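First the structure, in the form of C-alpha cells, and then the observations on it.
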There are 2 protein chains.
Amino acid sequence: MNTRPRRMILATFIHNSGAHPGGWRYGASAGADQHDVQHYVRLVKKAEEGKLHCYFSGDQQGLPYIKGADAYAATDYAGKLEPTTLLAALAMVTSDIGLIGTVSTTYNEPYAVARRIASLDHITRGRAGWNVVTSAGASEARNFGAEDLMDHDLRYERAEEFVDVVKHLWDSWADDAVLRDKAAGRYFDPAKLRQLNHRGRFFNVAGPLNVGRPPQGHPVIVQAGGSGPGRALSARTADMIFTAQSSKDKGQAFYADMKARATAFGRDPAHLAVIPSVQLMVRSTEAEARAAEEELLELIPDALAWSTLCMQMGFDFGAAGYGPDDHMPDIPLTNGGQWVQQELMRIARADNLTLGQLARRATVSRASFAMAGTPEHVADTLEDWFRSGAADGFSLSPNYQPGGLDDFVDQVVPILQRRGLFRTDYEGATLRDNLGLPRPANSFAADPSLGAEPDLWA
Amino acid sequence: MNTRPRRMILATFIHNSGAHPGGWRYGASAGADQHDVQHYVRLVKKAEEGKLHCYFSGDQQGLPYIKGADAYAATDYAGKLEPTTLLAALAMVTSDIGLIGTVSTTYNEPYAVARRIASLDHITRGRAGWNVVTSAGASEARNFGAEDLMDHDLRYERAEEFVDVVKHLWDSWADDAVLRDKAAGRYFDPAKLRQLNHRGRFFNVAGPLNVGRPPQGHPVIVQAGGSGPGRALSARTADMIFTAQSSKDKGQAFYADMKARATAFGRDPAHLAVIPSVQLMVRSTEAEARAAEEELLELIPDALAWSTLCMQMGFDFGAAGYGPDDHMPDIPLTNGGQWVQQELMRIARADNLTLGQLARRATVSRASFAMAGTPEHVADTLEDWFRSGAADGFSLSPNYQPGGLDDFVDQVVPILQRRGLFRTDYEGATLRDNLGLPRPANSFAADPSLGAEPDLWA
Ligand SMILES: Cc1cc2nc3c(=O)[nH]c(=O)nc-3n(C[C@H](O)[C@H](O)[C@H](O)COP(=O)(O)O)c2cc1C
Ligand SMILES: Cc1cc2nc3c(=O)[nH]c(=O)nc-3n(C[C@H](O)[C@H](O)[C@H](O)COP(=O)(O)O)c2cc1C
C-alpha cells in the first residue's frame, strides 16, 4: 500500500517559444531559437529545479497546415528538434526529472520504437516516457507515402496492437538476464531471453529486442487521445493521460470517465494519472496579468487566428462562405482531432461567439484550460481542480519561453509545497517511482505460454 | 584550394566491450556494461582528448544468429544502445568530436531518418554523421514484418533513392529561412521553404522537413558496403567509406577503385575519404603484445569458438565425433563460403593446429586488418598504409574496452602528431570542417526547377 499523502503530479509541456501563439514575440529578449539545444537545456534545468515530475516534448511528423503564407510565417511551429534525440541530450544535463517524448504509432514500426524508447530509458537511468500518438495531421501522411490520413479509428486499432508489441518487446530480456560472468565466460543467460513471434493484424514481429530490459521495466506510457478509441487506448495501456479540458466541470467528467474505464479494464484507477494541460502566465498582480494577456493577444495576427480555427475545426469556413462575423454553422465531424473540434463547437455555442471571436480564443487556448494571474490565484485554481476530482496533476504550458516556466517554478511551486500539495524533492530514482507507479512485471515470466525460446541459436 | 598538409583521419568504431570476442573478459575490471551510457561517455571523452575526428556507433535492427545457446551466451553482441539516442547524449559531454550513427535504409522511412539526423546535427552543432546501411541480417527482416531479407541489390536500389530523398529534405529550408523578426511578426520567411514532392519507385515524400537546415547543410554521409552496388552507392553519395581490408595490397586496390568511382561520378576524389578499420592492441614491447594476444585468444569461450568453427567450415564436427583436441579430418566441400573453409583448412594443416586451436583463430579474425604491437609499430603500420595509397585514415577498433582506446590515444596519437601525420587540435567547428569537406550547397537554390512552393499555406 502506498502511504504517501496524495500529491500533485506536475509536468511541463514545452512548446518552442511558449504555448501562446504570440509568445515568441513577447518580451525584450531575442526569444527562443527552436533549433538550439541550449534553449531546452535551460528549460529542463529550471523544471528540475522546481522538482517537476516530467518534461514533455510534443511531436509531429510534418509541418502543420496553416492557410495563408503570412499567417504561416507568423508562427514558430515550423521547425523543431525530434524528441527522442532531444531528450537523450537533456538526459545528460539532468538527474531526476522524467523525460517524455512523443512518437507516432502511425508512421513507425514497433521494433524501432521499442528500441529507441528502451535506449532512452537506459540513458536516463529509468526516467523515460513515451507519449503514444496516432498523428492526426494530413501533411504527415504525405511524408510517409500515403495520399491521405489513415482513418481515425483504424489508426487507433493499429496503436492498440503497436503498444502491446512494444511492451512485450521490452520484456524480451528478464531483468537479470545479463551476467557478465568473466570467469565462466557467460555474458548473459540465454534461458532469460524470450522471443515474441507476434503475428497480428498490423504487425509481424519476431523479437527478441536487442536492448536489455529498460530500468523501469516499461518506460512510462502517456496518451492524449480524447475520442472514444483514444480513451479506450489510454484506459487499457497508459500510465498517464494528458488532456485538454477547458473547464473544471469538463475536467471532472473526463476524470471520472477515465477512472471508470481503467477500473473496467481491471486496473487500479490510481495507476492511470489524469493530467489536464494548463496554459498559463504568472504575474504579481491581477492587473499585471490582465495587461500581459492583452499584450500577448495583440501579438497574434488576425490571419493566423482565422487559419488556426479552420485547422482545428477541420473545416474551411472561408471556402464555405463564412467570415469572422458569422456564427458557428453545422459542420461535419472531422477525421482529424474530434475532441478539439467538438470542444470548440461547444464553446462557440455556449458563449454565443462569432467565428472571429472563437478564432482568437481557439488560437490562444488550443482548447486547454488557460489562466493568467497571481501566484496565489494559480495555486488556488490548481488546488481546486486537484481536490475536486478534476485532475491528478497538471501539464504546464507557459505562454512564453524563456521566462514563463521560471515564473511558475519560482513563484507557484513554493506555495504548492507550503500547502503540502507538492513534494519538496524527488522521492525515487525513476520516473515510475516519482509518479507512485508500480514497475511492471515481465509478461513472459507472468505467462510462460507467451513467446518461445529464441531461434537465434537453434 | 585546401592548403592543409594531408593528414590522417582517425575514427573509432565502438564495439560494446571491444572488437575481440574475448575482449569483454580481458583485464581485472568488471568490464563494460553495454547498457550504461557512462561507459560510452568515458570512451568518447578519451577519443576527443586524442583529437580523433569521429566516434562511430554501429547498429543492427535485431540480434545476430550464432548456433548454440552456450556459444550465444558467451558474446556481448546481444544488447546495445540505439545510436541516434546514444549519440545525442554523447553530444552533451563533448564539444568537437564528430558523432556518426548507423541507421538502416531497409527498415526506416526517409522522412523519419532525415529528421533524426538533422536533429542530431543541430544538437551537436554540426558534428553529426549518418552511416547508411542496408542491413544484411536475416533476423532483422523478421522484426519488421518480412519473412525473408529483401534481395541484396534491391536493398541498394532502395538505399540510393533513400539517400537522395534525405539530402533533399535537409535542403527544405534555406540556411537563412529563420528570421525571428519580432517587430514584423515574421518568424521565418515562407519564400525560403521548399517542398520536395518526391514520387519515386520506393518512396513518395512531400516535405518540407519540419527541422531547419542542419548546421553542416548535410550531415556527413558514411557508407560501408563492399559489393558493387555498395561501392556505387558510396562513390555517388558518401563523404566517407568505412571498409574491412585484411592487408595493405587489398587496401590499395580498394582505395584506387573507390577514388576512380568517385571521379567517374564527377566528384573530387579527395571528398570521398577511404577509411579501413583496424582491430588493434597496443603494448609497450613486442613480447607483451604477443602475450596479450595469447591471453585474449584463451579468453574466447570454448563454446563460442567451437560454434564459429563449425559455421565457418560448414561442418558439424561434434556430430561427426570430433572434439577440440582432434586434428583436422577430411571433410566435404561446403555449400556455404568455400574460400573461408579452404583457408582455415590450409592454416590448420600448415600450423598443425588442433580443432580447438583453429576454432579460436577462426573466431578472432573478422576480415578487418588486425594488429598488436608497440606504439611505434602501430604508428609505422598506419603511416605505411596512409603513405602508400591504401587509406585516408583509419577506423580504430580496440580489442577490449575500456582501456584499449586509452592505449591508442595515450601512446600512438603523440607519435603520429610528432611525425606530422595527425593534427594536434580540432581545426574547425563542424565535422565537415575537420574532415576538410565542403559544406553542400542547397539543392533547391542550385536547381529552382526542383520542388515547389509548399502547399502548407495554399
Ligand atoms: C496535451 C496534449 C498533447 C498532445 N500532444 C500531441 C503531440 O505531440 N503530437 C500529436 O501528434 N498529437 C498530440 N496530441 C493529440 C492527441 O494525441 C490526439 O490526437 C488528440 O487529442 C485528438 O484525440 P483523438 O485522436 O482521440 O480524437 C496532444 C493532445 C493533447 C491533449
Ligand atoms: C567497418 C564496417 C562497419 C559496418 N557497420 C555496420 C553496421 O553498423 N550495421 C550494419 O548493418 N552493417 C554494417 N556493416 C556492413 C556493411 O554495411 C555492408 O552490409 C557489408 O560491408 C557488406 O557489403 P555489401 O552489403 O555491399 O555486400 C559494416 C561494414 C564495415 C566494413
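Not measured: the values here are computed from a predicted model. Keep in mind that the numbers below use all heavy atoms, side chains included, and drop hydrogens, waters and symmetry copies. Throughout, protein chains are lettered first and strands after them, A, B, ... in sequence-line order, and every chain is numbered starting at 1.
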CG on A/N16 to NZ on A/K80, rounded to 0.5 Å: 6.0 Å
Side chain to side chain, B/T94 and B/R127, heavy atoms closer than 4.5 Å: yes
For chain B, the option from A/D36, A/L86, A/V178 that forms the most heavy-atom pairs under 4.5 Å: A/D36
B/R25 side-chain N/O to B/L299 backbone N/O, donor-acceptor pair under 3.5 Å: yes
Flag, side chain of A/Q61 to backbone of A/N143, donor-acceptor distance under 3.5 Å: no
Part of A/A91 within contact of chain B (heavy atom distance under 4.5 Å): neither
Atom pair CG/CG of B/L456 and A/L63 - distance to nearest 0.5 Å: 5.5 Å
Test side-chain contact (heavy atoms from CB on, under 4.5 Å) applied to B/R116 and A/T84, step by step: CA-CA 8 Å; B/R116 280 222 308 293; A/T84 59; 3.8 Å; yes
Residue, of A/D181, A/L90, A/L179, that accumulates the most heavy atom pairs under 4.5 Å with chain B: A/D181
Aromatic plane relationship, B/W170 with B/W130 - under 30° parallel, 30 to 60° tilted, over 60° perpendicular: perpendicular
Parallel, tilted or perpendicular: ring planes of B/Y187 versus A/W24, cut at 30 and 60 degrees: perpendicular
Residue A/Q195 versus chain B: region with a heavy atom under 4.5 Å: side chain
Contact winner vs chain A - B/P83, B/A71, B/P190, heavy-atom pairs under 4.5 Å: B/P190
A/L193 versus chain B, the contacting section by heavy-atom distance below 4.5 Å: side chain
Heavy-atom contact with chain B under 4.5 Å, split by part of A/V93: side chain
Contact class of A/A184 relative to chain B, heavy atoms under 4.5 angstrom: backbone
Contact leader toward chain B among A/F203, A/Y40, A/F144, where contacts are heavy-atom pairs under 4.5 Å: A/F144
Engaged part of B/S139 at the chain A interface, taking heavy atoms whose separation is under 4.5 Å: side chain
Contact class of B/S104 relative to chain A, heavy atoms under 4.5 angstrom: neither
Pick from A/E453, A/E82, A/H198 with the largest number of heavy-atom pairs that fall under 4.5 Å of chain B: A/E82
Gap between atom OG1 of B/T75 and atom CZ of A/F188 - 0.5 Å precision: 5.5 Å
Spacing of B/L87 atom CG and B/T124 atom OG1 [to the nearest 0.5 Å]: 9.0 Å
Closest-packed option against chain A by number of heavy-atom pairs under 4.5 Å, given B/N108, B/L304, B/D455: B/D455
Region of A/A183 in contact with chain B, defined by heavy-atom distances below 4.5 Å: backbone
Within-4.5 Å side-chain heavy-atom neighbours: B/R360 and B/D302: yes
Euclidean distance, B/H122 NE2 relative to A/L81 CG, rounded to 0.5 Å: 7.0 Å
Chain A interface, residue from B/A78, B/G79, B/A73 that has the most non-hydrogen pairs under 4.5 Å: B/A73
Interchain contact, B/N197 with chain A, by part (heavy-atom threshold 4.5 Å): neither
Winner by heavy-atom pair count (cut-off under 4.5 Å) against chain A, out of B/P301, B/P454, B/G212, B/A458: B/G212
Heavy-atom pair count under 4.5 Å with chain A, highest-scoring of B/R115, B/R186, B/K67, B/E109: B/R115
Top contributor to chain A contacts, counting heavy-atom pairs under 4.5 Å, from B/Y107, B/Y26, B/W173: B/W173
Contacting moiety of B/Q34, where chain A heavy atoms sit under 4.5 Å: both
Under 4.5 Å from a heavy atom of chain B, the part of A/D189 involved: neither
Portion of A/V37 that has a non-hydrogen atom of chain B nearer than 4.5 angstrom: side chain
Option passing side chain to side chain contact (heavy atoms under 4.5 Å, CB included) with A/V103 (candidates A/I117, A/D59, A/V166): A/I117
Whether B/K182 side chain and A/G27 backbone form a donor-acceptor pair below 3.5 Å: yes
Inter-residue atom distance B/H35.NE2 - A/D121.CG, 0.5 Å rounding: 11.0 Å
Region of B/P64 that comes under 4.5 Å of a non-hydrogen atom in chain A: backbone
Proximity breakdown for A/P110 and chain B, heavy-atom pairs closer than 4.5 Å: neither
Chi angles and distances behind the side chain to side chain donor-acceptor pair (under 3.5 Å) call for A/S135, A/T106: CA-CA 7 Å; A/S135 301; A/T106 300; 4.9 Å; no
Under 4.5 Å from a heavy atom of chain B, the part of A/V41 involved: side chain
Greatest number of heavy atom pairs closer than 4.5 Å to chain B - which of A/N210, A/L196, A/N204: A/N210
Top contributor to chain B interface from A/A74, A/G22, A/A177, A/P215 [non-hydrogen pairs under 4.5 Å]: A/A74
Flag side-chain contact, heavy atom, 4.5 Å: B/H39 against B/Q401: yes
A/S17 versus chain B, the contacting section by heavy-atom distance below 4.5 Å: side chain
Residue B/A191 versus chain A: region with a heavy atom under 4.5 Å: neither
